[in-house]
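A short worksheet on the structure shown next.
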Amino acid sequence: MVFAAAALLTAQRKSAADDAFDSLYRHGSEINASLKTLTARFTETTTSSLLTRPLVARGTLAVVRPSRVILRYIEPDTRIVLIDGNRMTMSWPSRSIRQVTDIGAAQGRIQKYFVNGSVEDLRHEFEIDDHGASDRRGTYHVSLVPKRKQIRETLARLDLWVGQSSLLLETLQMTFANGDTKEMAFEDVVPNASIDPAAFSVDR
């Protein structure tokens, strides 16, 4: 009877967590569908066994749906990452780097599971842990662990913190298979902001 009661309680908690995540996903999708553009400031924190201390970078972000994104890193070094459709361009003048990469496959997965997909599609690919209200004030915390081995060989876990009132993403953290992490925290987020098309020039 003790084991049966414990199993029942666990099942009830899991069902409640599933319902909470489904509701969060549904409302978040509605807001996401209304977004045409977005601007924000970001802080990127990278940890690695190769670093003696975390590497912190800051900059600005601009997004035009469906697939134009530009990150302008301001400190500690100036660089630009532009995503335009299936092409990513990185310009890092101080290191004499200018690279253009085809990211069509990655873009396809993002569109499939996080833009055009359903909550069922997401559950098919990830183990989802809805932590509810988090220790980061005013946010919900959700963790996603890939089910596919080939994805886990690179990405071990994705953590998302979503604003309770805005339902916009405030922080994401990727934990890689080797234990390294990369966190992006967003501030001064402006949905449907007016953006000059020239903002997406790498040479600006």
Side-chain angles (χ1 to χ4, degrees), residues 28 32 35 37-65 67-103 105-107 109-111 113-115 126 131 134-146 151-163 166-191 193 195 199-204:
N32 181 61
L35 292 178
T37 68
L38 183 143
T39 61
R41 292 188 299 113
F42 70 84
T43 300
E44 178 187 275
T45 305
T46 304
T47 68
S48 171
S49 58
L50 302 177
L51 298 171
T52 57
R53 63 179 183 274
L55 179 62
V56 179
R58 293 181 174 85
T60 61
L61 163 76
V63 179
V64 172
R65 303 285 302 274
S67 56
R68 298 190 84 190
V69 181
I70 191 161
L71 296 96
R72 294 184 179 274
Y73 289 80
I74 299 170
E75 54 181 65
D77 200 4
T78 301
R79 70 183 192 271
I80 294 172
V81 177
L82 170 66
I83 296 173
D84 194 350
N86 292 332
R87 185 174 67 177
M88 181 176 73
T89 303
M90 181 175 70
S91 175
W92 201 332
S94 68
R95 299 192 182 187
S96 300
I97 294 175
R98 189 181 178 99
Q99 296 177 338
V100 179
T101 307
D102 184 343
I103 58 169
Q107 286 284 69
R109 287 192 293 270
I110 291 171
Q111 291 291 322
Y113 298 118
F114 294 100
V115 179
F126 298 91
H131 303 276
S134 76
D135 55 357
R136 303 190 184 197
R137 187 175 180 181
T139 64
Y140 298 114
H141 178 198
V142 178
S143 300
L144 299 93
V145 176
I151 297 179
R152 292 199 309 271
E153 289 174 351
T154 303
L155 179 67
R157 178 186 178 105
L158 176 64
D159 287 277
L160 307 174
W161 287 265
V162 178
S166 68
L167 293 185
L168 293 174
L169 181 65
E170 293 192 3
T171 306
L172 69 85
Q173 183 182 76
M174 295 175 286
T175 301
F176 302 102
N178 63 0
D180 294 355
T181 67
K182 184 178 292 292
E183 179 178 291
M184 297 281 287
F186 304 99
E187 299 177 274
D188 298 335
V189 178
V190 181
I195 302 176
F200 293 91
S201 171
V202 174
D203 299 317
R204 180 177 174 181

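At least one side-chain heavy atom of Leu35 sits less than 4.5 Å from a side-chain heavy atom of Leu168. The shortest distance between side-chain heavy atoms of Val190 and Thr37 does not fall below 4.5 Å. In this structure, the side chains of Thr60 and Thr39 stay at 4.5 Å or more apart for every pair of heavy atoms. At least one side-chain heavy atom of Arg58 sits less than 4.5 Å from a side-chain heavy atom of Val56. The shortest side-chain heavy-atom distance between Trp92 and Gln99 does not fall under the 4.5 Å cut-off. Residues Leu71 and Met184 have side chains in contact (heavy-atom distance under 4.5 Å, counting atoms from C-beta outward). Residues Lys182 and Glu44 have side chains in contact (heavy-atom distance under 4.5 Å, counting atoms from C-beta outward). Contact annotation: the side chain of Val64 approaches that of Ile195 to within less than 4.5 Å [non-hydrogen atoms, C-beta and beyond].
When all heavy atoms of Thr175 and Leu155 are compared, the pair lying nearest together is O-CD1, 3.6 Å. A pairwise comparison of heavy atoms in Phe200 and Ala62 identifies CE2-O, 3.8 Å as the closest pair. Between Pro146 and Ala156, the closest heavy-atom pair is CD-O, 3.5 Å. The two residues Tyr73 and Val81 make their nearest non-hydrogen contact at CE1-CG2, 4.1 Å.
By the side chain to side chain donor-acceptor pair (under 3.5 Å) test, Ser48 pairs with Asp180, sequence neighbours left out.
Distance check, rounded to the nearest 0.5 Å: CE of Met174 to CG of Leu144 gives 13.0 Å. Considering CD1 of Ile103 and CD1 of Ile83, their distance stands at 4.5 Å, rounded to 0.5 Å. Atom CG of residue Leu160 and atom NE2 of residue His141 lie 7.5 Å apart, to the nearest 0.5 angstrom. Summarising the geometry, atom CG belonging to Asn178 is positioned 9.5 Å from atom OG1 belonging to Thr154; distances are rounded to the nearest 0.5 Å. In this structure, the separation between CD1 on Ile74 and CZ on Phe42 is 7.5 Å, given to the nearest 0.5 Å. Put simply, CG on Leu61 and CD on Glu187 are 12.5 Å apart, with the number rounded to the nearest 0.5 Å.
Residue pairs satisfying the side chain to side chain donor-acceptor pair (under 3.5 Å) criterion with at least one member in residues 78-90, sequence neighbours excluded, are absent.
With hydrogens and angles ignored, the 3.5 Å screen pairs a side-chain donor or acceptor of Arg72 with a backbone N or O of Ala199.
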Is there a side-chain contact (heavy atoms from CB on, under 4.5 Å) between Glu183 and Thr181? Walk through the geometry before answering. CA-CA 7 Å; Glu183 179 178 291; Thr181 67; 5.9 Å; no

